[in-house]
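Here is the structure we will look at.
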Amino acid sequence: MSQHMYLTKTINGVEICYDQAGYVEGPPVVMLSGWAHDMRVYEGMIPHLINNHRIIRFNWRGHAPNRDYTADFGVEEQVKDTIGLLEALGVDKFYLISHSHGGWPALELADRLGKDRVLSLLMIDQIMSPPPPEFASGLKAMQDPETWLATRKGLFDNWMSGSDNKAVQDHLVYCMGSYGHDMWSLSCRVIEGAYETHGSPMHRMRKIANPPPIRHIFSHPHNSPEYHALHEEMAKENSWFSYTDLKGETHFPSVEIPEKVCEELESLIATIGK
């Protein structure tokens, strides 16, 4: 159960739900969730960060407790809402975290704001390659009202990978399970479009003119030499990129093993300027 009060601000004409924790001076940690879930994905990390950082989390438009907002939106709106909220909160420089396909707006923010403002970017478990065939077909099936629920169950099963971690199970049931077909369908259209436009997140980050330190931490796919080789090549070619295979069980390291994710964040922050 969260100890923090959820707050709201009207940004770009839309009510954005957010919260803040911590009172440490200096750049805050700004947390971006993926689609069809929300800031609760970072709940377990807060106790590990609270003594060292101010933390800002928020829900994308359409993801607030009030689900009345139903207009389509995409990465551009996510970027503008993030910038608008941070301006309203008086935030200039910050450390950025993204989970899954929250990585697309995160990379846009790093590109547009530059490394003087986005000091570092920790990306959690996003598919860094072009979309595998089964994932691409799942994006299609999720948009069909007849097949979306069965497809979502398949995704949940894949993301759990046989784990019995209750925190992750609860996140799927009570958080991700609270979003209906409209949001799941929209998310899949936007994610599909991002891969079509950029090829992969790694292709997108290569286009950033002056990138901050970026680290991808992941547990999925399990034990894939090809996926490791992809990351190794990226790290060799780009001194600002690093990665860690967390060797966790699920697609939600921030829920399953929050202390390890926090260690990776602190490690990444320590590299700034080196």
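All residue numbers in this chain count up from 1 along the given sequence. Only a predicted model underlies this, so the values are computations on that prediction, with no experimental measurement involved.
Looking at E108 and R204, a side-chain N of the basic residue comes within less than 4.0 Å of a carboxylate O on the acidic one, giving a salt bridge. Salt bridge annotation for D38-R57: absent, with no cationic side-chain nitrogen under 4.0 angstrom from a carboxylate oxygen. The existence of a salt bridge linking E192 and K140 is confirmed by a sub-4.0 Å separation between a basic side-chain nitrogen and an acidic carboxylate oxygen. A salt bridge does not link E264 to K260: none of the charged nitrogens lies less than 4.0 Å from a carboxylate oxygen.
The local environment of CG in D92 is crowded, with over 12 non-hydrogen atoms from other residues, nucleotides or ligands closer than 6.0 Å.
Take K80 and apply the salt bridge (charged side-chain N to carboxylate O under 4.0 Å, His left out) test, not counting sequence neighbours, and it matches E76.
L7 is connected to Y69 through a chain of hydrophobic side-chain contacts under 4.5 Å among Ile, Leu, Val, Met, Phe, Trp and Tyr, so both are in one cluster.
In this structure, Y227 and H231 have perpendicular ring planes: the angle between them is above 60°, well past the 30° mark. Taking the six-membered ring where tryptophan is involved, the planes of H101 and F135 are essentially parallel, since the angle between them stays under 30° and well short of 60°. Ring orientation note: the planes of W35 and F73 are close to parallel, at an angle under 30° on the 30°/60° scale.
The shortest heavy-atom contact between L265 and L49 is CD2-CD2, 3.9 Å.
At a threshold of 4.5 Å between non-hydrogen side-chain atoms, the residues F241 and M205 count as touching.
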